[in-house]
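To find a chain, count down the sequence lines: A is the first, B the second, and so on, and within it residues start at 1.
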Amino acid sequence: MTGVTPREETETGNEISHFILDEITKDVGPGGRMEGLTVHTRFPPEPNGYLHIGHAKAIVIDFGTAEIFNGLCNVRMDDTNPEKEDVEYVEAIKEDVHWLGYDWGDRFYYASDYFEEVYQQAEELIEKDLAFVCEQTPEEMRIARGTLTTPGTESPWRYRPKEESLDLFRRMRAGEFPDGTYTLRAKIDMTSGNINLRDPVLYRIQHATHDRTGDDWCIYPMYDFAHPIGDAIECITHSLCSLEFEDHRPLYDWVIGNCSVPSKPRQIEFARLNINYTVMSKRKLRQLVEEGLVDGWDDPRLPTLSGLRRRGYTPRAIRDFCERNGVSKVDSMVDIKFLEHCLREDLNNRAPRAMAVLDPIKLTITNYPEGKSEIFLVDSMPNNPEAGKHEVTFSRHLLIERDDFMIDPPKKYYRFFPGNKVRLRGSYIVECTGYNTDESGEIIEVLAEYDPETSGGSAREGERIRGTIHWLDEMTAVKAEVRLYDNLFTVENPDASELDYHELLNPDSLTVIENAYVEPWLKEDRSHIGYQFMRTGYFIHDCHDTTDEKLVFNRSVALRDSYNPDK
RNA sequence: UGGGAUGUAGCCAAGUGGUAAGGCACGGGACUUUGACUCCCGCAUUCGCAGGUUCAAAUCCUGCCAUCCCAGCCA
């Protein structure tokens, strides 16, 4: 038979090629160690926090790899430590994986599903004289483990008769001993340069109620023991994980090799994702949430999937980002600008356009009759006529962006200034004739005259209008709150800083604009993945705070802006 | 004086003995009823460093340097 040839493209259209695919191709191909097997991967989160974009990379690799080989990918909650885990997170994790666009079918599992089988394997190991019950205290064990440069020393309990270990282990399970008094340890090699092989703990006593198994157990297996067995039981062919597990692989292989399991999965490691100006560790994210420095796990400034979702990121943009970053073993730090690029690219093709004025100033069309009003039809997406059109109303009193007017502009400023003509997108070309100030000299109104012959915004024959400005009809505009976001941290790598992370927080990461205005249809419309407010960025309704009475928009990402007055 | 990995542009990243892909960022230009989008152009005489093998080296060999991970009864 011939080997399975990986598909070269994903749904997002990216050509995927990396070393893991190469390895798997060899494994399942002719003469490979898994010749002819269906590729089967798994995504194994610990339910102790919310998923972030680093997990998205893992999900894209786990599910994407299975997809490429026409295989399967399971989801398995790694719930072997009841003290740290909570069911609260399970549903959130499911939602995030689905939201990203992946489906595990009927293969949603828990490591705890296998507690009985894992236990049986432990007994078998004891009988094979490959594991023993140890009575060292945590402190004694730490000392006996040795250091990075000196070998460890064997536990005094290492050579106790296996019958005794078996009896003790059963009594551990029966709940006869308090936490910390006994452990089950693998009998490997206390002199190994790889500390994971210095008789690692396989089981510890923990009188804790488990979310799924309740009080059935008072001993729980360690990750290094439960994980390979879980993989093998599910007949996972390739167990893909991050780099820090690289030196656990010999132990993974030891467990697979010495236990009676139905398959022999292969672990392959890849570098986890880092992005500058943010943090990715669950610990730090939790801290930000618990200290109230952000508005919950789904704060739009956070790199959590729920935060990105609320910010207006699309699953497609995130998948695209992960795929285009590639997969390698190099510790890397990806530029957040690339993430933003992926979002803009997706939204540019799919988000309808609207006009919104974030910082309004009045514009009065002095030669347009008071009380008169007309309706213009504008393309919802100029680059895609099939997206249709929508109405905008025009009248004497309009709103424009405050920085679209200057009394004394620099060169190449194409917007409003006395004497200049600009196009009010979709309606008319107008000439700025002046402005009014209040007692303090503050500009409160811009004045202009419209040219009736430019209806729809088309210029007169031979005339070139450089500036096109967005605007709203004061009569029909709807008030909205708009939230602008910037990086949460002021430094590229907060983790590497010696300063306390509180000092690294960007004080301007959130800007709330209370009195912005938007086109009225945005009050009802919720049918789109996001909107482009022309010339200002991509926005989405805030899913928490938008109500029937109040509109709240989050800026997902600003538009690129090449305007540079200094040039 | 341990073990495991990794070094290709500002950031990702292809490349597997035949003469440095691509993307992001950046700079320039064209187009434009979004200073957006799109489109062109530019952006590593050199692959951590030093030797060596070869007609030919980012790719092979030797030595060195730098960075990351590991001493939880966490995952």
Exercise for the section: Any chance you could list the contact pattern along nucleotides 35-44 of chain B? Use B for base contacts, S for sugar-phosphate-only contacts and - for none, protein heavy atoms under 4.0 Å, 5' to 3'. Expected result: BSS-------
Practice task
Quick one: which residue pairs count as a salt bridge (Lys or Arg N to Asp or Glu O under 4.0 Å) with a foot in residues 269-284 of chain A, not counting sequence neighbours?
Solution key: A:Glu244-A:Arg272, A:Arg249-A:Glu269, A:Glu269-A:Lys329, A:Lys284-A:Asp495
Exercise for the section: Please measure how far the P atom in B:rC68 lies from the corresponding atom in B:rG63, and state the result in whole Å. Expected result: 24 Å
Exercise for the section: Return the value, rounded to whole Å, for the distance between atom CG of A:Leu424 and atom P of B:rU34. Expected result: 13 Å
Handout entry: Phosphate-side-chain proximity, A:Arg145 and B:rG72, N/O vs OP1/OP2 below 4.0 Å
Key = yes
Practice task
Heavy atoms only: give me the nearest A:Glu46-A:Asp78 pair and the separation to one decimal.
Solution key: CG-O, 3.5 Å
Polar atom pairs between nucleotides 20-22 of chain B and protein, under 3.5 Å, N or O only, would you list them?
none

Problem - Proximity to the side chain of A:Ser458 - top-ranked nucleotide from B:rA75, B:rU33, B:rA71 - result: B:rU33
Practice task
Return the value, rounded to whole Å, for the distance between atom CG of A:Asn493 and atom C1' of B:rC11.
Solution key: 13 Å
Exercise for the section: Could you work out the separation of B:rA20 and B:rG28 based on their C1' atoms and round it to a whole Å? Expected result: 24 Å
Practice task
Take the protein atom CG of A:Asn384 and the nucleotide atom C1' of B:rU34, then report the distance between them rounded to whole Å.
Solution key: 16 Å
Handout entry: A:Phe270 and A:His18 aromatic centres sub-6.0 Å
Key = no
Problem - Distance below 4.0 Å between A:Arg249 side-chain N/O and B:rC70 OP1 or OP2 - result: no
Exercise for the section: When you get a sec, tell me which of B:rC73, B:rC70, B:rA25 is the closest nucleotide to the side chain of A:Ile195? Expected result: B:rC70
Exercise for the section: Using the P atom as the reference point in each nucleotide, state the distance between B:rU59 and B:rG15 in Å, no decimals. Expected result: 16 Å
Problem - Under-4.0 Å side-chain N/O to phosphate OP1/OP2 contact, A:Arg423 with B:rU32 - result: no
Handout entry: Sugar-phosphate only, base, or nothing, as touched by A:Phe245 at under 4.0 Å among non-hydrogen atoms
Key = base
Problem - Listed partners of A:Tyr414 passing side-chain contact (heavy atoms from CB on, under 4.5 Å), at least two apart - result: A:Lys412, A:Arg466
Practice task
Examine the side chains of A:Asn194 and A:Asp247 and answer whether a donor and an acceptor come within less than 3.5 Å of each other.
Solution key: no
Practice task
Please check if the side chain of A:His470 supplies one atom and the backbone of A:Arg425 the other of a donor-acceptor pair under 3.5 Å.
Solution key: no
Exercise for the section: Mind listing the residues from residues 133-140 of chain A sitting with a heavy atom below 4.0 Å of RNA chain B? Number order is fine. Expected result: A:Gln136, A:Thr137, A:Pro138
Exercise for the section: For nucleotides B:rG22 and B:rU62, find the distance between their C1' atoms and express it as a whole number of Å. Expected result: 34 Å
Completion exercise
Of A:Val334 and A:Glu246, the one whose closest nucleotide on RNA chain B sits nearer the 5' end is A:Glu246
Handout entry: Whole-angstrom distance between B:rC43 and B:rC11, as gauged at atom C1'
Key = 14 Å
Handout entry: Qualifying ring pair (Phe, Tyr, Trp, His ring centres under 6.0 Å) pairs with a residue from residues 136-156 of chain A, counting only residues at least two apart or across chains
Key = none
Problem - Inter-nucleotide C1' distance (B:rC31, B:rC39), Å rounded - result: 8 Å
Practice task
Look at all strands and tell whether A:Leu243 reaches a base, only sugar-phosphate, or nothing, counting heavy atoms closer than 4.0 Å.
Solution key: nothing
Problem - Side chains of A:Glu401 and A:Leu358 in contact at under 4.5 Å (non-hydrogen atoms) - result: yes
Handout entry: Whole-Å C1' distance, B:rC26 and B:rA9
Key = 12 Å
Handout entry: Length of the line joining A:His18:NE2 and B:rG15:P, which is rounded to integer Å
Key = 11 Å
Handout entry: Charged N-O contact under 4.0 Å between A:Glu234 and A:Arg42
Key = no
Problem - Interatomic distance where CD belongs to A:Glu492 and P belongs to B:rA25 [whole Å] - result: 15 Å
Fill in the blank from the handout: To the nearest angstrom, the CD-P distance between A:Glu323 and B:rC24 comes to 16 Å
Practice task
In plain terms, say whether A:Arg266 and A:Glu23 are close enough for a salt bridge, that is, a side-chain N and a carboxylate O under 4.0 Å apart.
Solution key: yes
Handout entry: Neighbours of RNA chain B within residues 325-333 of chain A, by heavy-atom distance under 4.0 Å
Key = A:Asn325, A:Val327, A:Ser328, A:Lys329, A:Val330, A:Asp331, A:Ser332, A:Met333
Practice task
Report the residues that fulfil ring-ring contact (aromatic ring centres under 6.0 Å, His included) with A:Phe533, sequence neighbours left out, ordered by chain and then residue number.
Solution key: A:Phe539, A:Phe553
Practice task
Find which nucleotide of RNA chain B each of A:Met381 and A:Tyr182 is nearest to by heavy atoms, and output the residue with the more 5' nucleotide.
Solution key: A:Met381
Problem - Pairs where residues 187-197 of chain A contributes a residue and the test salt bridge (Lys or Arg N to Asp or Glu O under 4.0 Å) is met, not counting sequence neighbours - result: A:Asp129-A:Lys187
Practice task
Just call it for A:His470: base, sugar-phosphate, or nothing, with non-hydrogen atoms closer than 4.0 Å on any strand.
Solution key: nothing
Handout entry: Between P of B:rC24 and CG of A:Leu343, the distance in whole Å
Key = 15 Å
Practice task
Would you mind reading off the distance between A:Leu21 atom CG and B:rA14 atom P, rounded to a whole angstrom?
Solution key: 12 Å
Problem - Non-hydrogen side-chain atoms of A:Pro200 and A:Ile188 separated by less than 4.5 Å - result: yes
Handout entry: Sugar-phosphate only, base, or nothing, as touched by A:Met222 at under 4.0 Å among non-hydrogen atoms
Key = sugar-phosphate
Problem - Inter-nucleotide C1' distance (B:rG51, B:rC65), Å rounded - result: 14 Å
Problem - Any side-chain donor near an acceptor of the partner, A:Glu374 and A:Tyr428, under 3.5 Å - result: yes
Practice task
Indicate yes or no for a side-chain donor-acceptor contact from A:Gln267 to the backbone of A:Ser239 under 3.5 Å, with no hydrogens or angles considered.
Solution key: no
Problem - Residues A:Lys421 and A:Glu463 bridged, charged N to O under 4.0 Å - result: yes
Exercise for the section: Indicate, with yes or no, if the rings of A:Tyr223 and A:His227 have centres closer together than 6.0 Å. Expected result: yes
Exercise for the section: Give a yes or no on whether a salt bridge exists between A:Arg316 and A:Asp320, defined as a side-chain N under 4.0 angstrom from a carboxylate O. Expected result: no
Exercise for the section: For A:Thr147, check side-chain contact (heavy atoms from CB on, under 4.5 Å) against everything at least two apart and list the hits. Expected result: A:Thr149, A:Thr150
Problem - For RNA chain B, the residues among residues 75-86 of chain A that have a non-hydrogen atom under 4.0 Å from it - result: A:Asp78, A:Thr80, A:Asn81, A:Lys84
Exercise for the section: Mind telling me if B:rG23 is syn or anti? Syn here is a glycosidic angle within 90° of 0. Expected result: anti
Practice task
For residues A:His390 and A:Trp521, establish whether the separation of their ring centroids is below 6.0 Å.
Solution key: yes
Handout entry: A:Glu46 side chain, from C-beta outward: closest of B:rC73, B:rA75, B:rA25
Key = B:rA75
Exercise for the section: Please confirm whether A:Tyr182 and A:Phe169 have ring centers closer than 6.0 angstrom. Expected result: no
Practice task
Dot-bracket notation for RNA chain B is requested: 5' to 3', Watson-Crick or G-U wobble pairs only, both distances under 3.5 Å, with ( ), [ ], | and . as defined.
Solution key: .(((((((.[[[..)..(...]]].(((((.......))))).....[[[[[..)....]]]]])))))).....
